[in-house]
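The structure appears right after this line, and notes come after that.
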Amino acid sequence: ISRIESYPWSDCKTSFVGCTALESIEVDEENSWMCSVDGVLFNKERTWLYSYPAGSKREVYDIPEGVERIGMDAFAHNSHITSVYMPNSVTHMDSGALGYCKNLGSVRLSENLKYIPAYTFDKCENLHFLEIPESVSSLEESAFRWTAIETLVIRGTFSRELYRSTFMAMNEDAVIYVKKSEIEKFQKVFSGTVLP
């Protein structure tokens with residue numbers, strides 16, 4: 001096997017999403033394209049984390065240093081994970097990367113992450129605080145949909161208009177903290193409290 005396809009137009013976005021009984025993914029050591037590290041699927045160079053098994057019972061996961069990209073729905077639907085720590089080598093995440101992780105309560109994002117893609121934190125019901133680093137200059141549609149976030153700290157600046165849907169169905173009592181120069185942009189798309 002040299003490639004595992006994603007099908008965004010179907011109900012199953014990636015090959016393993018929603019497989020909540022899957023605890024580990026193993027790869028033959030002779031495979032030239034992929035590898036497994038502690039049951040997590042990576043490309044051979046370990047720069048792209050493809051899939052963290054939805055049934056893995058590990059509660060805390062430190063993404064290995066050197067990983068540059070987190071794949072589509074990579075952690076999606078894992079109900080055991082409570083904390084994810086991302087090294088500063090990560091620059092890109094694909095959509096839905098942490099979606100539907102209902103017990104996820106702590107996330108440390110890379111200081112070199114470029115954007116927050118669509119559906120990243122979709123339905124993360126226990127995520128109450130999140131800090132978005134200054135490196136992030138784009139927040140995509142529905143990124144925080146149905147989250148329980150109470151405090152969102154956003155340190156970056158945004159050159160283009162924000163999507164109203166980015167904060168769709170987010171906790172109405174949430175407070176978003178942004179730079180003074182960004183307040184007006186966020187007030188246009190978020191009906192809750194925006195503070196400097």
Side-chain angles (χ1 to χ4, degrees), residues 8 13 17-18 20 49 52 54 59-63 69-88 90-196:
K13 291 183 181 177
V17 71
T20 55
L49 190 158
Y52 181 94
E59 293 183 0
V60 178
Y61 187 66
D62 289 295
I63 296 170
R69 183 172 183 172
I70 311 299
M72 181 188 288
D73 300 317
F75 289 85
H77 294 276
N78 186 295
S79 62
H80 302 283
I81 198 156
T82 61
S83 302
V84 173
Y85 300 102
M86 191 180 292
N88 288 335
V90 175
T91 58
H92 291 85
M93 269 197 301
D94 293 329
S95 65
L98 294 160
Y100 287 83
C101 292
K102 67 179 184 180
N103 287 310
L104 184 66
S106 176
V107 178
R108 182 214 174 264
L109 296 173
S110 163
E111 293 291 332
N112 294 306
L113 194 63
K114 306 292 185 197
Y115 59 92
I116 303 295
Y119 312 108
T120 298
F121 300 104
D122 208 6
K123 209 130 188 188
C124 288
E125 299 167 357
N126 275 295
L127 188 62
H128 300 293
F129 173 84
L130 184 65
E131 185 171 345
I132 308 294
E134 193 169 2
S135 59
V136 171
S137 60
S138 178
L139 303 171
E140 300 302 320
E141 298 179 80
S142 301
F144 306 103
R145 187 173 69 166
W146 293 322
T147 63
I149 290 175
E150 296 169 359
T151 304
L152 181 59
V153 178
I154 301 175
R155 301 198 176 278
T157 56
F158 302 84
S159 58
R160 63 180 172 88
E161 292 295 312
L162 300 168
Y163 298 104
R164 183 171 294 280
S165 65
T166 298
F167 306 102
M168 182 177 70
M170 194 172 104
N171 178 2
E172 293 176 1
D173 298 323
V175 178
I176 298 178
Y177 292 90
V178 299
K179 290 183 175 180
K180 284 185 179 180
S181 63
E182 306 302 298
I183 289 178
E184 191 174 323
K185 290 176 196 170
F186 280 85
Q187 286 176 333
K188 285 181 182 177
V189 297
F190 180 64
S191 59
T193 304
V194 181
L195 297 173

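Only a predicted model underlies this, so the values are computations on that prediction, with no experimental measurement involved.
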Exercise for review: Please step through side-chain contact (heavy atoms from CB on, under 4.5 Å) for the pair Phe158 and Val178, ending with a clear verdict.
Suggested key: CA-CA 11 Å; Phe158 302 84; Val178 299; over 6 Å; no

**Study point:** Steps toward side-chain contact (heavy atoms from CB on, under 4.5 Å) verdict (Phe75, Leu104)
**Key:** CA-CA 10 Å; Phe75 289 85; Leu104 184 66; over 6 Å; no

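From Tyr85, atom OH reaches atom CZ of Arg108 across 10.0 Å, with rounding to the nearest 0.5 Å. For the atom pair Arg164 CZ and Lys188 NZ, the distance stands at 10.5 Å (nearest 0.5 Å). A distance of 10.0 Å separates CG of Leu98 from CG of Asp73, quoted to the nearest 0.5 Å. Taken from CZ in Phe186 to CD1 in Ile154, the straight-line distance is 4.0 Å, to the nearest 0.5 Å. In this structure, Ile70 CD1 and Tyr52 OH are separated by 12.5 Å, a value rounded to the nearest 0.5 Å. Within the model, atoms OH of Tyr177 and OG1 of Thr193 stand 8.5 Å from one another, a figure rounded to the nearest 0.5 Å.
Residue Ser142 comes nearest to Met168 through the heavy atom pair OG-CE, 3.8 Å, listed as atom of the first residue, atom of the second, then distance. Smallest separation of non-hydrogen atoms from Pro133 and Ser110: CG-O, 3.1 Å. Taking each heavy atom of Glu59 and Ile81 in turn, the nearest pair found is O-CG1, 3.4 Å. Between Ile63 and Pro87 the shortest heavy-atom distance is O-CD, 3.3 Å. The two residues Leu113 and Met93 come nearest to each other via the heavy atoms CD2-CE, 3.7 Å. The shortest non-hydrogen separation linking Ala76 to Gly96 is CB-O, 3.9 Å.
Taking the six-membered ring for Trp and thresholds of 30 and 60 degrees, Phe144 and Phe121 have nearly parallel ring planes, at less than 30 degrees apart.
At least one donor-acceptor pair closer than 3.5 Å links the side chain of Asn171 to the backbone N or O of Ile149. A side-chain donor-acceptor contact under 3.5 Å links Asn112 to the backbone of Asn88. In this structure, the side chain of Thr151 does not engage the main chain of Val175 through any donor-acceptor pair within 3.5 Å. Between the side chain of His128 and the backbone N or O of Gly105 there is no donor-acceptor pair closer than 3.5 Å. Distance alone, capped at 3.5 Å, places no donor-acceptor pair between the Glu140 side chain and the Tyr115 backbone. The backbone N or O of Ser79 lies less than 3.5 Å from a partner atom in the side chain of Asn103, making a donor-acceptor pair.
Side-chain atoms of Tyr100 and Tyr119, non-hydrogen and from C-beta on, never get closer than 4.5 Å to each other. At a threshold of 4.5 Å between non-hydrogen side-chain atoms, the residues Val136 and Leu109 do not count as touching. For the pair Leu49/Tyr61, a side-chain contact is recorded, criterion being any heavy-atom separation below 4.5 Å from C-beta on. By the 4.5 Å heavy-atom criterion applied to side chains, Trp146 and Asp122 are counted as neighbours. In this structure, the side chains of Phe190 and Thr166 stay at 4.5 Å or more apart for every pair of heavy atoms. Within the 4.5 Å cutoff, no side-chain heavy atoms of Pro117 are placed close to those of Asp94.
Other residues, nucleotides and ligands contribute only 12 or fewer heavy atoms inside 6.0 Å of the NZ atom of Lys102. Atom NZ of Lys179 has more than 12 heavy atoms from other residues, nucleotides or ligands within 6.0 Å.
In the model, Ser138 has a side-chain atom that pairs as donor or acceptor with a side-chain atom of Arg160 under 3.5 Å.
Arg155 and Glu111 are not joined by a salt bridge, as no carboxylate oxygen comes within less than 4.0 angstrom of a charged side-chain nitrogen.
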